[in-house]
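Take a look at the structure set out below.
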Amino acid sequence: QVQLVESGGGLVQAGGSLRLSCAASGSIDSINGMGWYRQAPGKQREVVATITSSGSTNYADSVKGRFTISRDNAKNTVYLQMNSLKPEDTAVYYCNAALVVKTITQLTEYNYWGQGTQVTVSS
């Protein structure tokens, strides 16, 4: 079974740091784009940061200079290092990945989401 499993959320004071991890497992041939999204109560899910298979990154303006996305292709894992956290960063953070899944006869790309991890920043 192919899945994304996240870890690393929690409660932190403003100005603190957290590191999120998201590991893909199952019959994966390769992973294309990966990213982190977040959804605060009463708001729509928004993109936080994305990273391509070659390592090119993009960030939401609200997190530039504070968050860093990275990936370890050997471990099928994407990370989000979050520094200088603010109360407005409080949300459920979701990992997203375009996984190329192998079956007996072919390779097919599917879009997967993690289960979400809560990040709460207190003021």
> Should V100 and M34 be regarded as members of a common hydrophobic cluster, given that ILVMFWY residues are connected when their side-chain heavy atoms come within less than 4.5 Å of each other, either directly or indirectly?
Replying inline: no

> Where do A97 and I31 come nearest, in terms of heavy atoms and distance?
Replying inline: CB-CG2, 4.3 Å

Just distance, no hydrogens or angles: give the donor-acceptor pairs under 3.5 Å from side chains in residues 78-88, sequence neighbours left out.
unit_1, atom_1, unit_2, atom_2, d
Q81, NE2, N83, OD1, 2.9
N83, OD1, S17, OG, 2.9

> Under 4.5 Å between side-chain heavy atoms, hopping through other hydrophobics if needed: is there a path connecting W36 to V119?
Replying inline: yes

> Looking at residues at least two apart in the chain, or sitting in another chain, which of them share a side chain to side chain contact (heavy atoms under 4.5 Å, CB included) with S27?
Replying inline: K102

> Roughly how far apart are N73 CG and S30 OG, rounded to 0.5 Å?
Replying inline: 9.5 Å

> With distance as the sole test, does E6 use its side chain to make a donor-acceptor pair with the main-chain N or O of G116 at under 3.5 Å?
Replying inline: yes

> Could you state the interatomic distance from CG (L11) to CD (Q118), rounded to the nearest 0.5 Å?
Replying inline: 9.5 Å

> Out of curiosity, Y93 OH to L20 CG, how far, rounded to the nearest 0.5 Å?
Replying inline: 7.5 Å

> What heavy-atom pair brings I69 and A49 nearest, and what distance separates the two atoms?
Replying inline: CD1-O, 3.7 Å

>> R66: which residues meet the side chain to side chain donor-acceptor pair (under 3.5 Å) condition with it, sequence neighbours left out?
In response: D89

> According to the interplanar angle, ranging from 0 to 90°, do the rings of Y94 and W113 count as parallel (below 30°), tilted (30 to 60°) or perpendicular (above 60°)?
Replying inline: perpendicular

>> Give me the atom names and distance for the closest heavy-atom approach of A91 to R38.
In response: CB-CB, 3.8 Å

> If you take all heavy atoms of Q39 and K43, which pair is closest and at what distance?
Replying inline: NE2-O, 3.1 Å

> Out of curiosity, L4 CG to L99 CG, how far, rounded to the nearest 0.5 Å?
Replying inline: 5.5 Å

>> When you measure from the side chain of R71 to the backbone of G33, do you find a donor-acceptor pair of N or O atoms at a distance under 3.5 Å?
In response: no

>> Rounded to the nearest 0.5 Å, what separates atom NZ in K64 from atom CG in N58?
In response: 7.5 Å

>> Do L18 and I51 sit in one hydrophobic cluster, given that two such residues count as connected whenever their side-chain heavy atoms are within less than 4.5 Å of each other, even indirectly?
In response: yes

> If you look at every heavy atom in Q115 and V5, which pair is closest and at what distance?
Replying inline: OE1-CA, 3.9 Å

>> Membership question, hydrophobic clusters at under 4.5 Å side-chain separation (ILVMFWY): are V47 and F67 in the same one?
In response: no

